[in-house]
Amino acid sequence: MGRKIKLPPMLDPHVHLRGMDWAHKGDFYTETCAAIAGGYWAVFDMPNTPPATLDRTALDHKLQAINQQAVCDWGVYFCAGANRNWEQYPLVINDICGLKMFNNSTTGNLLVDDPTVREEHFKHWDGSKIFAQHAENETCAEIINLVKKYRKPTHILHVCTKLEVDLIRQAKNDGLPITCGVCPHHLWLTQADLTRLGSLGWMKPNLQTQQDQDALWQGIVDGVIDIIESDHAPHTLEEKSNTPSPYGVPGLETTLPLLLTAVHEGRLTLARVIEMVSINPCRIYGIVPPPETYTVVDLDTSEVITGDRLHTKVKWSPFEGMRVQGKVIETWIRGTQVYDGERILVKPGFGKNVYAHS
Ligand code: DOR
Ligand code: ZN
């Protein structure tokens, strides 16, 4: 047994757990099992799984299912739609972790591409919770202008280009209420890996260049990047081999091992990892985690990532074959051990809505 360390409660504010109409890809039980096996205390689920979270009825449908099935704590996003659904905001605000707007095309039909509608959403949102944005490059610049105008706390998801890092650095210097997250696939893979990975390397935003990847690592070192988010988005291997393949990759079980490997290699400090997977996400989303909630990792265990040992329903990873250093051996939530390094120790429904009492 090697060096063991205890990490504070880990929160991934950007996952697509599936369930409901897409339960064949993953469900609230299997994908939250993946979360606790990945060391996470809580995950925040995106609204694009059908039926999309565009109104109170769809939200209730999701809340009921996730409440019955989840094994980790959780939150769910509401979706800012092209259908101008802002009249729903007061009806849902107490039960959600934040609002998500899809400003560029991706999985699901939730694209908001009309600048007037984007602005109306900013206007109507009360700003009491995070407004999370899929906004690539020029769209990121446009969203930053709306943040300048409306001053509502905004999180730019899956930042992956040098341009985005530069725009966000400037926005932060200007004092705007803006934060951002980066995904492991953009930190460890580039366009060059597509020859090897094929559609298993397809996600939105796409894999980028080496220069972009270098800018992300620089942003991590100098503090522009606040959060590491997995963008866990399972599709079955069969779906991924279809033409065209859907966009998205699973990531909940590989994020922490990859980050600990970067620590082992001297590319990151452990303190910076803890900031980006625990302290910053909790601060940005305004959460005080429950007591007796932590993760124990063994820093001296090294293993090769293999799909069939993952808990996610789809059992594959774009990182398959990589050797990582550091393994989750215990996850504890609210005083209960939920994971022992191999097995899930709690029943579906153990997980609680982080925002239930707001
Ligand atoms: O690659 C992606 N997959 N990007 C997204 O924005 C959505 C996600 C999904 O739901 O599959
Ligand atoms: Zn996503």
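Read the numbers this way: they start at 1 and go in the same order the structure lists the ligands and their atoms.
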**Request:** With heavy atoms of M203 as the reference, note each atom of ligand 1 found under 4.0 Å away.
**Result:** 1 (O)
**Message:** One residue to check: N48. Relative to ligand 1, which of side chain, backbone, both or neither has a non-hydrogen atom less than 4.0 Å away?
**Reply:** side chain
**Prompt:** Could D222 and R169 be called an ion pair, given the rule that one side-chain N must be under 4.0 Å from one carboxylate O?
**Reply:** yes
**Message:** Could you tell me, atom by atom, which parts of ligand 1 come under 4.0 Å of a heavy atom of H16?
**Reply:** 7 (C), 8 (C), 10 (O)
**N/O/S atom of H16 inside 2.8 Å of the Zn ion (ligand 2), strictly under** = yes
**Item:** Pair R18 + D45, salt bridge at N-O below 4.0 Å
**Value:** no
**Prompt:** Heavy-atom contacts under 4.0 Å between H235 and ligand 1: side chain, backbone, both, or neither?
**Reply:** side chain
**Asked** If you draw a 6.0 Å radius around CD in Q210, do more than 12 non-hydrogen atoms from other residues or ligands fall strictly inside?
**Response** yes
**Complete:** shortest atom 5 (C) of ligand 1-to-protein heavy-atom contact is with T106 OG1, 2.8 Å
**Prompt:** Is it true that D95 and R56 make a salt bridge, defined as a side-chain N closer than 4.0 Å to a carboxylate O?
**Reply:** yes
**Request:** May I ask you to list the atoms of ligand 1 that are less than 4.0 angstrom from any heavy atom of Y247?
**Result:** 1 (O), 2 (C), 3 (N), 9 (C), 11 (O)
**Message:** Can you check the angle at the Zn ion (ligand 2) formed by OD1 of D231 and NE2 of H14? Round it to the nearest 10°.
**Reply:** 80°
**Message:** When you compare ligand 1 with G248, is there at least one nitrogen or oxygen pair between them that comes in under 3.5 angstrom?
**Reply:** yes
**Prompt:** Just going by heavy-atom distances, which of K204, H134, R18 is nearest to atom 11 (O) of ligand 1?
**Reply:** R18
**Request:** Flag the pair D212 and K162 as a salt bridge only when some basic side-chain nitrogen lies within less than 4.0 angstrom of an acidic carboxylate oxygen.
**Result:** no
**Nearest atoms (heavy-atom pairs only) where V159 meets H186** = O-ND1, 4.5 Å
**Complete:** To atom 8 (C) of ligand 1, the nearest of P246, P234, A233, P205 on a heavy-atom basis is A233
**Message:** Looking at E87, I'd like to know if its CD atom is crowded, meaning that more than 12 non-hydrogen atoms belonging to other residues, nucleotides or ligands lie closer than 6.0 Å.
**Reply:** yes
**Check ion pair K149-E119 (N to O, under 4.0 angstrom)** = yes
